[in-house]
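Following: one structure in structure tokens, then a few remarks.
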Amino acid sequence: MSIDRKAAIAAYKERKTVAGIFVVRCAASSEVWVGQAPNLETIQNRIWFTLRQGGHPCHSLQAAWNAHGEAGLAFSECERLEDEQSAYVRNARLKERALHWQAELKAEAI
């Protein structure tokens, strides 16, 4: 393995991730879904992949995808959380903020 490759792998492992709350909206049906993620930079790709495969666990989101396609849904970040050393504290904070945004936006949980 080359030194450049090793350095790239080490840099990838040491990168900072940003946890937070995200929103998926369907313009056609006015439905809104709120979710939480330990890494906001990768969550949209994960959700879109499961929707494309037809196996997303949120049935109403999957139904909206099936009816309106990728173009019918919009993904956006709702809130970024401050860097937290403890995974336990971060996860508790994510859960708390997700519940807040679900109530605020009258959204379904993802």
Side-chain angles (χ1 to χ4, degrees):
M1 190 181 313
S2 72
I3 294 174
D4 290 339
R5 181 173 163 87
K6 286 182 182 179
I9 291 170
Y12 177 79
K13 289 180 179 178
E14 293 174 10
R15 77 193 186 291
K16 295 275 185 180
T17 59
V18 178
I21 310 303
F22 62 90
V23 178
V24 177
R25 298 175 193 269
C26 179
S29 67
S30 300
E31 292 176 280
V32 180
W33 298 269
V34 170
Q36 58 185 334
N39 187 353
L40 283 174
E41 295 175 5
T42 60
I43 192 66
Q44 181 181 4
N45 189 44
R46 184 181 311 155
I47 292 170
W48 265 219
F49 177 80
T50 58
L51 289 168
R52 279 188 210 104
Q53 299 305 310
H56 198 279
C58 180
H59 298 294
S60 61
L61 179 58
Q62 185 68 58
W65 176 276
N66 294 343
H68 308 290
E70 183 175 350
L73 298 179
F75 177 92
S76 62
E77 290 181 10
C78 188
E79 179 179 354
R80 289 177 168 237
L81 298 184
E82 293 183 26
D83 207 14
E84 185 59 56
Q85 296 298 323
S86 166
Y88 175 79
V89 173
R90 182 198 66 211
N91 291 341
R93 185 83 174 129
L94 277 170
K95 189 177 205 179
E96 172 192 325
R97 296 308 297 161
L99 289 172
H100 164 79
W101 285 108
Q102 287 167 22
E104 183 80 20
L105 299 173
K106 297 175 181 51
E108 185 177 343
I110 294 180

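Please read these numbers as outputs of a predicted model, since none were measured by experiment.
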**Report entry** Evaluation steps, side-chain contact (heavy atoms from CB on, under 4.5 Å), between Leu73 and Leu61
**Finding:** CA-CA 9 Å; Leu73 298 179; Leu61 179 58; 3.9 Å; yes
Query raised in the report: Can you list the steps and then say if Lys95 with Asn91 is a side-chain contact (heavy atoms from CB on, under 4.5 Å)?
Result: CA-CA 6 Å; Lys95 189 177 205 179; Asn91 291 341; over 6 Å; no
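Leu105 and Leu94 fall within a single hydrophobic cluster, where Ile, Leu, Val, Met, Phe, Trp and Tyr are joined by side-chain heavy atoms under 4.5 Å apart, directly or via other members. Under the 4.5 Å side-chain heavy-atom criterion for grouping Ile, Leu, Val, Met, Phe, Trp and Tyr, Leu51 is not connected to Val34 through any hydrophobic cluster. No continuous path of hydrophobic side-chain contacts links Val32 to Phe75 [ILVMFWY only; heavy atoms under 4.5 Å].
Counted within 6.0 Å of CD on Glu96, heavy atoms from surrounding residues, nucleotides or ligands total more than 12; the atom is thus considered enclosed.
Taking all atoms of both residues into account, the shortest heavy-atom contact from Arg93 to Leu81 is CG-CD1, 3.9 Å. Across every non-hydrogen atom of Thr17 and Pro38, the tightest pair is OG1-O, 3.8 Å. The two residues Cys58 and Ala109 make their nearest non-hydrogen contact at SG-O, 4.1 Å. The two residues Ile110 and Val24 have their closest heavy-atom pair at CD1-CG2, 4.0 Å. A pairwise comparison of heavy atoms in Trp101 and Glu79 identifies NE1-OE1, 2.6 Å as the closest pair. Heavy atoms only, all atoms of each residue included: Val23 and Cys78 are closest at CG2-CB, 3.6 Å.
Interatomic distance, CD of Gln36 versus CZ of Phe22, reported as 8.0 Å (0.5 Å rounding). A distance of 14.5 Å separates CZ of Arg90 from CD of Glu82, quoted to the nearest 0.5 Å.
Residue pairs satisfying the salt bridge (Lys or Arg N to Asp or Glu O under 4.0 Å) criterion with at least one member in residues 100-109, sequence neighbours excluded, are absent. Sorted by first and then second residue, the side-chain hydrogen bond (donor to acceptor under 3.5 Å, both in side chains) pairs involving residues 63-77 (not counting sequence neighbours) are Trp48-Glu70, Gln62-Asn66, Glu77-Arg80.
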